[in-house]
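Because the structure is predicted, anything quoted here is derived from the model rather than measured. Chain A is the first sequence line, chain B the second, and so forth, proteins listed ahead of strands; every chain is numbered from 1.
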Protein chains: 2
Amino acid sequence: MASIKDVAAEAGVSVATVSRVLNDHPSVSADARTRVLAAVESLGYRPNAVARSLRTDQTHTLGLVISDVMNPYFTELARSVEEEARALGYSVIIGNADERPDLQDHHVRNLLDRRIDGLLVSPTDGGSPLMLDAARAGTPMVFVDRWIPGVDVPVVRADGRAAVRDLVAHLHGLGHRRVAIIAGPAATTTGRERVEAFREALQAHGLDLPDAYIGQGDFQAESGRRVTEGFLDLAEPPEAVFAADNLMALGALDAVRARGLRVPDDIALAAFDDIPWFVHTDPPVTAIAQPTGELGRAAVRALVDRIEGRPGESVTLPARLVVRRSCGEPYPASPEPDSAQAPAVQPPAENRSHT
Amino acid sequence: MASIKDVAAEAGVSVATVSRVLNDHPSVSADARTRVLAAVESLGYRPNAVARSLRTDQTHTLGLVISDVMNPYFTELARSVEEEARALGYSVIIGNADERPDLQDHHVRNLLDRRIDGLLVSPTDGGSPLMLDAARAGTPMVFVDRWIPGVDVPVVRADGRAAVRDLVAHLHGLGHRRVAIIAGPAATTTGRERVEAFREALQAHGLDLPDAYIGQGDFQAESGRRVTEGFLDLAEPPEAVFAADNLMALGALDAVRARGLRVPDDIALAAFDDIPWFVHTDPPVTAIAQPTGELGRAAVRALVDRIEGRPGESVTLPARLVVRRSCGEPYPASPEPDSAQAPAVQPPAENRSHT
DNA sequence: CCCGTCGATGTAATCGATTCCACGAGCGCT
DNA sequence: AGCGCTCGTGGAATCGATTACATCGACGGG
């Protein structure tokens with residue numbers, strides 16, 4: 001592969017001049033510039049990003065460590081992150097932690113070794129020493145979706161409290177009184193917060209959330225199934241189940257179907273994180289939708305701000321309830337939100353730039 | 001951030017010795033080794049991968065350019081690729097082409113500039129000069145899922161012909177005679193092949209595939225809807241529709257639902273690419289399942305073989321039909337494949353290592 | 001006792017860029 | 001005419017590793 005030296009030789013100038021042309025430095029004669037450009041063209045020269053990074057100490061690369069790529073919510077997040085990063089002149093390396101702290105650590109280490117300019121993390125746990133040290137050492141970093149309390153890093157996330165209140169009101173209005181939750185790992189903020197928000201909203205309606213109705217999941221489908229089976233085995237099973245993410249809701253759907261029961265007739269189901277498929281499941285699933293694309297973009301902007309020396313602020317956007325049929329018949333007054341005129345393929349609140 | 005010089009100073013040795021310890025070169029005294037290791041520990045030193053890559057001309061990184069991350073099939077492919085690569089000591093940088101040749105080119109160029117050791121591509125089109133030049137220039141490369149004819153690069157893919165024949169037999173057995181296909185872009189091999197396989201299988205049953213029953217899609221959901229609407233507008237609409245990928249099937253489901261029609265009563269639907277959600281849609285969708293994880297792993301092995309100087313062979317694995325209810329009632333004899341005992345969350349043929 | 005060998009270590013070149021500094025030419029101003 | 005600027009350019013240092021080659025001491029065989 002041709003190097004800058006080859007180009008210099010071909011153009012009859014020094015490597016310094018070639019470099020100047022490539023980084024369009026002002027003081028290069030028009031003559032030299034055209035000769036260099038011609039040489040670049042004829043050799044098919046492309047600058048070596050590795051060498052450039054070594055010298056400039058910048059990789060123009062962002063690291064994104066997410067909890068689970070197979071979760072459509074995170075897939076969409078990753079996509080929007082890459083899009084915004086590209087628009088700002090950065091590329092993205094994704095690390096999939098699969099909800100495993102050891103894998104998360106592996107990726108963080110790998111990304112740090114590659115000297116990425118900044119790190120976007122949706123932590124799987126309370127944070128390994130590695131990550132906390134990196135944050136303290138000044139690696140530009142932003143948390144997205146989930147975060148770690150007590151660390152001085154901007155957080156970009158959705159606030160689901162209002163939507164959870166709407167959900168509980170919805171469930172209450174449909175007559176459900178015994179309601180349960182499939183929680184996420186207590187080590188994650190989203191795992192804890194969703195339970196808390198749910199409990200508070202229930203209390204406002206004079207309802208209780210007994211321990212037996214709090215199932216411990218891990219944000220993966222299998223745990224949703226297991227927990228739901230536990231609920232169904234209770235002497236007094238819940239009338240409604242709220243899954244703290246979409247994969248656990250899928251597992252719950254599995255468990256219910258395996259028993260030969262029906263949603264919502266035998267048991268109601270709702271989920272956190274709305275995804276296109278929920279429109280087409282049997283029945284369509286009532287869910288809390290996050291402004292995923294907006295979150296990804298805001299997170300990148302905050303991170304790039306930090307990298308380039310600007311403040312880089314935390315952002316919190318509201319999530320919102322999307323009522324479908326999995327909790328019972330919707331309010332007669334409100335029309336089905338995924339009706340014919342609105343393309344149901346896309347999550348309603350999202351405006352995607354290309355399809 | 002501490003460099004190898006700092007470690008050398010701290011340990012009271014030369015950088016050469018530090019490097020030897022780090023790459024466990026045999027001739028280093030036990031004494032020097034422990035001093036270096038202690039220095040590494042106390043400084044929290046991590047070798048700079050950028051510098052190392054520049055010197056050794058190896059990045060231990062694979063590039064993966066896929067057509068669309070939001071497609072669950074490709075998400076799973078990406079996941080298995082990363083897994084196998086990690087096991088072999090490589091990391092992966094993913095580029096999402098979003099079915100756009102210009103974006104594909106952007107990512108290929110970016111990856112090449114970063115001097116990745118090898119490239120895994122699922123081409124969106126017939127191949128840009130950039131990609132073809134890279135292949136000719138000897139960049140280790142492997143095509144996965146889709147490929148470009150006439151290029152000397154190993155191909156790892158699934159053969160869907162047998163499964164398509166099974167599907168057509170299934171449709172025919174249920175009494176469908178007027179069957180249509182939502183095709184993928186003609187610029188892709190999978191786009192063409194699936195139409196061809198379908199046509200041949202139909203001919204074997206004495207059925208025809210008229211032009212009006214071949215809708216041109218682009219593997220994205222929106223095109224599936226548009227094409228399906230076209231089919232439904234025909235004077236004689238098809239009785240069954242075969243979507244060449246899962247997203248277009250989702251779009252088709254949308255279109256049918258928007259007309260107030262039902263699958264499979266009003267029109268049958270089947271899809272290429274099976275995904276977990278198809279178990280839970282209304283109705284569950286009959287689909288052709290690829291051994292996605294196996295494809296990803298085989299592709300990585302082939303690529304790493306090439307990189308490390310071994311041959312690196314093409315691999316073709318069979319796809320298989322998974323009958324559900326979207327084409328009409330299944331054969332009374334065969335039991336529903338996604339029944340209670342088999343966790344329906346996972347695509348049946350897949351054995352995933354961690355859930 | 002001398003010399004060859006081997007093991008441990010250091011010095012310095014190298015990878016491919018960027019960039020500081022020096023230098024010479026040309027030009028304007030006094 | 002001479003001084004000082006600016007402009008265009010090249011030489012060389014530098015980034016952080018790896019590694020070929022040189023060196024030096026110890027040791028064993030003849």
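Rounded to a whole Å, the NZ atom of A:K5 is 13 Å from the P atom of C:dA13. Here the C1' atom of nucleotide C:dG16 and the CG atom of B:D113 are 13 Å apart, to the nearest Å. Computed from coordinates, the B:D57 CG to D:dA17 P distance equals 18 Å when rounded to whole Å. The separation between A:L54 atom CG and D:dA17 atom P is 9 Å, rounded to whole Å. At whole-Å resolution of the value, CD1 in A:I4 and C1' in C:dT18 are 8 Å apart. Nucleotide D:dC15 holds its P atom 11 Å from the CG atom of B:D6, rounded to whole Å. Rounded to an integer number of Å, the gap from B:L22 CG to D:dT18 P is 7 Å. Rounding to whole angstrom units, CG of residue B:N48 and P of C:dC15 are separated by 18 Å.
By the 4.0 Å N-to-carboxylate-O rule, B:D105 lies close enough to B:R109 to be salt-bridged with it. At a threshold of 4.0 Å, the pair B:E294-B:R297 counts as salt-bridged, since one of the basic side-chain nitrogens sits closer than that to a carboxylate oxygen.
Under 3.5 Å, the side chains of B:D125 and B:Q104 contain a donor-acceptor pair of N or O atoms.
Closest to the side chain of B:S27, from the set D:dT9, C:dT9, D:dG10, is C:dT9. Counting only heavy atoms from C-beta on, A:R52 has its side chain closest to C:dA17 among C:dG10, C:dA17, D:dG16. In this structure, of D:dA17, C:dG16, C:dT18, it is C:dT18 that holds the atom nearest to the side chain of A:T56. Comparing C:dT11, D:dA17, D:dT9 against the side chain of B:A16 picks out C:dT11 as the nearest. The side chain of A:S29 sits closest to D:dG8 out of D:dG8, D:dA17, D:dT19. Which of D:dA17, C:dA8, D:dT18 sits closest to the side chain of B:P47 comes down to D:dA17.
Taking side-chain N and O atoms only, B:T17 has no distance below 4.0 Å to OP1 or OP2 of C:dA8.
A:N23 comes within 4.0 angstrom of the backbone, heavy atoms only, and of no base. Within 4.0 Å (heavy atoms only), A:A49 reaches no atom of the nucleic acid at all. B:S19 comes within 4.0 angstrom of a base, heavy atoms only. Within 4.0 Å of A:V50, counting heavy atoms only, lies no atom of the nucleic acid at all.
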Could you go step by step and tell me if A:R114 and A:N110 meet the side chain to side chain donor-acceptor pair (under 3.5 Å) rule? CA-CA 6 Å; A:R114 301 181 110 84; A:N110 179 30; 3.1 Å; yes
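For A:L22, the side-chain contact (heavy atoms from CB on, under 4.5 Å) criterion is met by A:V18, A:V40, A:Y45, not counting sequence neighbours.
Mapping A:V15 and B:V18 onto DNA chain D by nearest heavy atom places A:V15 closer to the 5' end of the strand.
If you take CD on A:E308 and CG on A:L88, they are separated by 7.5 Å, rounding to the nearest 0.5 Å.
Side-chain atoms of A:R20 and base atoms of D:dG10 include a donor and an acceptor less than 3.5 Å apart. Side-chain atoms of B:R55 come within donor-acceptor range of the base of C:dT14, with a qualifying N/O pair under 3.5 Å.
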